[in-house]
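Here is the structure we will look at, set down as structure tokens.
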Amino acid sequence: MTVKTRFAPSPTGYLHVGGARTALFSWLHARKHGGKFVLRIEDTDLQRSTAESINAILEGMTWLGLEYDDGPLYQTHRFERYNEIIQRLLEDGLAYRCDCSQERLDRLREGQMQRKEKPRYDGHCRGRKIDAGSPHVVRFCNPDTGNIIVNDLVRGKVVFHNNELDDLVIRRTDGSPTYNLTVVVDDLDMGITTVIRGDDHLNNTPRQINILQSLGQEPPEYAHVPMILGDDGARLSKRHGAVSVMEYRRQGILPEALLNYLVRLGWSHGDQEIFPIDDMIELFDISDVNRAASSFNTDKLLWLNQHYIKNDDPARIARLLSPHMGELGIDPSVDPPLVDVVAAQQERAQSLVEMAQISAFFYQDFEEYDETAAKKHLRPVAYDPLQRMRAALESLDRWEPEALHQAVVDVSGALDLKMGKVAQPLRVAVVGRAASPGIDVTLHLVGREACLRRIDRALDFIQKRMDESAS
RNA sequence: GCUCCCUUCGUCUAGUGGUCAGGACACCGGCCUCUCACGCCGGUAACAGGAGUUCGAUCCUCCUAGGGAGCGCCA
């Protein structure tokens, strides 16, 4: 049988990293086994489902490259089918109408809680004949005895007792079907062989198996993967920072870095840390996923991100960096070529946002010197070296890295100074900070005109300092 | 409250009835070096607790503690 998995989010928010990870696992499982991966939108909650949310989910899936072979399928388009099944269950006596009032249910619940029992429906309407024309819900007639055994691919064997379960509502008063019914019907109709989802659904599984069996069907395989926690061990939420997949894109994370990070959360293959997509598909095995929840660690994600930035084709990184430059008000299509900037900065940034920030000086004069850098390097002792550097640079007829490097070496030699004594003031003068790519590449990319202009500015700056201390 | 699930360095994890309990991120040293970064070398750091089984338990069993999920006319 061909493997078929699905990702079935409810469109009530953004695609968050936890959802993205279960989607990734499902996708990997399908790809590994040459199967199909389906995207299904569980939008039966008409109050909370929104079109924006659907778009956000689709956008997130696309960005991550988790392409689906079928879908998106919408549950709201399938109400007829669900009703057909509900009707069948009613006719077979496996479901029944219930008109218990909210008050009665509340009272029942309250009494059970007081007696320290698990709150659940008491089957009051099971034997009653309720007119189909009057307001009612439909409940599934859950077996009273026996066990349900789930052989979970991640959890192993989990046993549930039917006497712990109750008769759940499968159709609301307004005629709409509920989650536990729709999942069962959809997974069945779509031929899903492996249900991979968050472990918050583990407790729903026996109910769904019961419905499935009452329809005369065999349950699919299940794999309940643990959730993702925040740095502090609490359930991941907005206060931990970014939870939306698209937020990571805004923060300059590469999709392959996020995927690599997510696949290693709760899963591993020996000591391997770097997993390009093809490796993941080859090596991933859903049954190797850990049972315990794991905490999201942004530092490690950034490390992976830096790894991918560092090792990727500069042209691609430049393309991805471009919008982040735009955010800073820089037109990335002017000189120097963004690809050259990327090549120079590739090992120096953990994110595209950071790369944009540390690369702005290539395109525009900086506002102010970094205070400590100026204090340390733009001092009176640096005046003479800077002035000589300016002269040397001005007379240079080739503005190329080798020639620029030689110029710095020559000036240091002439003054009998270590190279750093010349290069650092020069760097601060040209970039405004104490850190940048190699001084030769930096000067080259900034360009002659801007370099000379900024050196003059630095000389003025030092002159002013000297004047001030003299008076 | 009841049912189900989980527990190895701060974090992600490997691991076996006998290991100096391994790797990665982070952190701390050092090297490289015009700065930063990269890279390289080294270091700190963990089997939740208690019983039992066993010649021997991180590993098997039970209990406790802690964490999580579910118990909706939400999904």
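The chains referred to below are lettered A, B, ... by the order of the sequence lines, with proteins before strands, and numbering in each begins at 1.
For U53(B) and C28(B), the P atoms lie 48 Å apart once the distance is rounded to whole Å.
The A292(A) side chain lies nearest to U7(B) when the options are U7(B), U35(B), A75(B). Of the listed nucleotides (C4(B), U35(B), C12(B)), C4(B) has the atom at the smallest distance from the side chain of V158(A). Of the listed nucleotides (C34(B), C5(B), C73(B)), C34(B) has the atom at the smallest distance from the side chain of A423(A). Which of A75(B), C5(B), U11(B) sits closest to the side chain of S295(A) comes down to U11(B).
Residues passing the side chain to side chain contact (heavy atoms under 4.5 Å, CB included) test with N163(A) are H161(A), sequence neighbours excluded. Taking the side chain to side chain contact (heavy atoms under 4.5 Å, CB included) definition, one finds that D299(A) meets it with N297(A), sequence neighbours left out. Looking at residues two or more places apart in sequence or on another chain, you find no side chain to side chain contact (heavy atoms under 4.5 Å, CB included) involving N290(A). With sequence neighbours left out, F362(A) forms a ring-ring contact (aromatic ring centres under 6.0 Å, His included) with no residue at all.
Both the sub-6.0 Å distance and the 45° axial angle are not jointly satisfied by R155(A) relative to the ring of Y222(A).
Taking a cutoff of 4.0 Å between a charged side-chain nitrogen and a carboxylate oxygen, D99(A) and R104(A) do not qualify as a salt bridge.
A donor-acceptor contact under 3.5 Å links the side chain of T173(A) to the base of C73(B). Remark: the R427(A) side chain and the C34(B) base include a donor-acceptor N/O pair separated by less than 3.5 Å.
In this model, the phosphate group of C38(B) is approached by a side-chain N or O of Q306(A) to a distance below 4.0 Å at OP1 or OP2.
Ring geometry, H269(A) versus W267(A): the interplanar angle falls under 30°, so the pair is classed parallel (tilted spans 30 to 60°).
Residue contacts for K310(A): at a heavy-atom cut-off of 4.0 Å it reaches the sugar-phosphate backbone alone, with no base atom in range.
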Contact letters for nucleotides 23-31 of chain B, in which S counts primed atoms plus P, OP1 and OP2 and B counts the base, heavy atoms under 4.0 Å: BBSS-----

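Remark: E402(A) CD is packed, more than 12 non-hydrogen atoms of other residues, nucleotides or ligands lying under 6.0 Å away.
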Atom pairs under 3.5 Å, N or O on each side, protein against nucleotides 69-71 of chain B: can you list them with distances?
unit_1	atom_1	unit_2	atom_2	d
A69(B)	OP1	R235(A)	NH1	3.3
A69(B)	O2'	D200(A)	O	3.4
A69(B)	N3	N203(A)	ND2	3.2
G70(B)	O4'	N203(A)	ND2	3.4
C71(B)	O2'	P119(A)	O	2.5

